[in-house]
K.L.:
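Here it is, the structure in full.
Atom set for the values below is all heavy atoms of this structure, side chains included, hydrogens, waters and symmetry mates excluded. Remember, it's a predicted structure, so these values are computed and weren't measured experimentally. Start at 1 and go down the list; that is how both ligands and their atoms are numbered.
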Amino acid sequence: MEAKNISEKVEYLLSIMTLAEKIGQLNQTGTTMVSALPGIEADIDGWVSDMMEGRISQEEFSKRMELCREDLKTEQIENGGIGSFVNLYDDEKIFQVQQAAMKSRLKIPLFIGVDVIRGYRTIFPTPLAMSCSWDMDNYRRMIKIAKKEAKVCGVNWVFGPMLDIARDARWGRIVESPGEDPYLASRIAKTVVNAFQENDAYGRLLCTAKHFLAYGAVSGGQDYNTVDVSERTLYETYLPPFRAAVDAGVGSVMSAFHDLNGVPCTCSHSLLTDLLRGELHFQGFVVSDAEAVKQCVAHGVASDERDAAKMSLQAGNDIDMSSLDYSRFLPDLVDKGEVSVSSINEAVRRVLYAKFFFGIMDEPYRYDPGKISDTVLCRKHRIAAREVAEKSAVLLKNDGVLPIRDSVKHILVTGGLAEDRAALLGPWAFTGDKESVVTVTDGIRNNAPSGVTVEFCRGFDTSDSESGFEEMIKKAEKSDLVIAVVGESAFMSGEAASKVNLNLPGAQEKAMLQLAALSVPCIAVLVSGRPLTIGKLQNNPGIGAILETWHMGCESGNAMADLLFGKCNPSGKLTVTFANEAAQEPMYYNHPNTGKPGGKFKFTSKYQDAPVEPLYPFGYGLSYTAFAYSGMRVSKKKLELGDTLNCEICVRNTGLYAGEEIVQMYIRDVTASCARPVRELKRFCKIKLEPGEEKICSFALHASELGFYRQDCTYTVETGMFQIFIGPDSSKGEMLEIELCD
Ligand code: GLC
């Protein structure tokens, strides 16, 4: 539908709406993790802790949550008092609330918003894992399936992509992030927004760039903590992926929980109106994060919830997610003249425009019960989840023990996580079903070559218990290979899951060291939401290989088996830096050089008790084959401001296996008016090479992309010397110097 036609329809609707109906469109209800629907006494925070600490099962937790969801508030919907739901993902209940909306006077359908950030019923790897594929086709493949499954179930709004640059592994939500690099995150942002919102066979699906802005910079990596970053850092590091999402036409943006430089994002006019709308020209609507409007009181910026509602709306926050303060206080604020009808109209206009543009006015239901069972988790979707997961894993260490040799006839799988379906599914997968997960043991057993036996022995888990060690060691001594699955359970990362200790939880490290001391080859399969400090595994020759699989989702076991048996050659590369110690966080590759860069000399920038270099750098990842880089060339040694620089390099597969290599191009602005990072990612490509094959990788970079945000936050290109790097990760590669001239 043409924009002009939509605007006409919106204006007509606005003209006949009552104030109560308008405010209803700004009211989003539903059960979020932090509170239940009012009127139902529920201690959801307590229930979450009980579940995470094992006092109640996940089943018990879900049962209690269902109780909270019973109240669908259909009467309030029929009166036009609700415009959208958050996290209602029961197919039947979605149908019920839309039916209620169709009974309202104006029959405006509800937005049903759900966190579809890694698939809907078919659960794919976590967003951080996906980012390690550096593969935009991978994203498109996942999103097409997520869109299809969400739509047949009635979901018409996804709260994703999460675009928070994350440099601190102590922050649990790094698991949801696109990693630490603004350029890669911007490419992901554009891909995800286009894939969800393009008008394909399933129509458009509204998505949400979240969390605006700089949530990944919470102090100390402590979730919800204050964020204090310079404006220049905002422009240079945290804003680019949101700029990319806005440029791609993202329909909504979610304001973040935290205060940014002292002002809560949810009620920050300079953030939501001046920057987002004024400078980025964002045309969509803003939705707060869960109960973030109410939290302006706790921030100490709003005197009460009525004040919070007033400040948030006037700042440019259009929809109040689940605090219900807009619904409770806007009528009186308008009545008292403290909030103008025009500001209400402005917010409602943006929401209604989205409801027309994303097609729900014409087709409210998009709920197709006849198609659900044939669509969700179908074989084709599972195959995609398996192949996407394979491209997201990162091989961190391999002394040649992988791929598993034909001589291996008896495999021991150990570690509680190997059978922990919830852990293999991982966080932010509540629309999935852990029973759909293929465990590690099943995956390896089902895909092992004939004649290979696979045995599981728990041995240990993420607790401190060592009671299983003795049996594990006995069985390990009788096997040809030990596959130890170590890392984190599902709720050790994600929201409200910050940690000060990044070592393997519980007795896992101790178990690994005992296994490493045996004469049996041993590999570690990491299941984790975040980088962990696994130097003891990396530096122990008794552990022949480490495969970071993150949380792979429903096809975990099959994808791991394909990788371990060599059916698929690992190709993932890290998009977050692995520090040696948690105390080194935040640790990231694109840092300034400082005046005394860390090195051997005492008086340089480093810690006395940890290496200067990370355990694994950004962009790092091994393969079963090897790649050699040679013959780097640039089209010009002297570049002018309007020029394009063409760079190329030859990459050769010098090993025995076909494999994919992610070739990365970085720059360094050697001298500028601000200290520039030692490396900045500017291009990458993924190439597939047969053994002995070589290809030329070419990159084109316009001179305007050599610029940066100066002290006054203006984007400027400054002339001078630049170093151009092309290589396998952010710490290696060939380098050539060029000069940018006036
Ligand atoms: C949560 C998260 C946000 C999510 C929302 C709805 O608290 O911060 O990412 O979209 O609530 O689940």
K.L.:
Walk me through it: do D304 and R306 pass the test salt bridge (charged side-chain N to carboxylate O under 4.0 Å, His left out)?
P.N.:
CA-CA 5 Å; D304 56 29; R306 182 179 185 279; over 6 Å; no
K.L.:
Under 3.5 Å between any N/O of W428 and any N/O of ligand 1: does that happen in this structure?
P.N.:
no
K.L.:
Need the ligand 1 atom indices (1-based, order shown) with element for anything under 4.0 Å from a heavy-atom of F159.
P.N.:
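Listed by number with element, the hits are 10 (O).
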K.L.:
Any idea which atoms of ligand 1 are less than 4.0 Å away from a heavy-atom of N87?
P.N.:
6 (C), 12 (O)
K.L.:
Do any N/O atoms on K210 end up under 3.5 angstrom from N/O atoms on ligand 1?
P.N.:
yes
K.L.:
Using a 3.5 Å distance criterion without hydrogens, assess whether the side chain of K151 forms a donor-acceptor pair with backbone atoms of R204.
P.N.:
yes
K.L.:
Number the atoms of ligand 1 from 1 as they appear, then name those within less than 4.0 Å of a heavy atom of H211, with their elements.
P.N.:
3 (C), 8 (O), 9 (O)
K.L.:
Before giving the answer on side-chain contact (heavy atoms from CB on, under 4.5 Å), spell out for R350 and R277 the whole-Å C-alpha distance, their side-chain angles and the decisive distance to 0.1 Å.
P.N.:
CA-CA 12 Å; R350 290 192 279 257; R277 294 200 168 99; 3.1 Å; yes
K.L.:
Number the atoms of ligand 1 from 1 as they appear, then name those within less than 4.0 Å of a heavy atom of F257, with their elements.
P.N.:
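Going through ligand 1 atom by atom, the ones under 4.0 Å from F257 are 7 (O), 8 (O).
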K.L.:
Using the six-membered ring wherever Trp is involved, compare the ring planes of F618 and W134 and label them parallel, tilted or perpendicular (cut-offs 30° and 60°).
P.N.:
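Ring orientation, 0 to 90° scale: tilted.
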K.L.:
Between W157 and F358, does the ring centre distance come in under 6.0 Å?
P.N.:
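Ring centres of F358 and W157 not closer than 6.0 Å.
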K.L.:
Could you tell me if any non-hydrogen atom of M162 lies under 4.0 Å from any atom of ligand 1?
P.N.:
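It does not; every heavy atom stays at 4.0 Å or beyond.
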K.L.:
Establish, yes or no, whether the cationic atom of K355 lies under 6.0 Å from the six-membered ring centre of F111 and within 45° of the ring axis.
P.N.:
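That pair qualifies as a cation-pi contact.
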K.L.:
Would you mind telling me if ligand 1 is within reach of the side chain of R173, the backbone, both or neither, using heavy atoms under 4.0 Å?
P.N.:
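Side chain only.
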K.L.:
Would you call E488 and K499 a salt bridge, using N to O less than 4.0 angstrom?
P.N.:
yes
K.L.:
If you count the atoms of ligand 1 from 1 in the order shown, which ones are under 4.0 Å from a heavy atom of A290?
P.N.:
7 (O), 11 (O)
K.L.:
When you look for heavy atoms under 4.0 Å from ligand 1, do you find them on the side chain of T208, its backbone, both, or neither?
P.N.:
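It is neither part, as no heavy atom is under 4.0 Å.
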K.L.:
Could you tell me, atom by atom, which parts of ligand 1 come under 4.0 Å of a heavy atom of V86?
P.N.:
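Result: 6 (C).
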K.L.:
Looking only at heavy atoms of E176, does any of them come nearer than 4.0 Å to an atom of ligand 1?
P.N.:
no
K.L.:
Looking at I82, D320, V351, V287, which hits side chain to side chain contact (heavy atoms under 4.5 Å, CB included) with L26?
P.N.:
V351
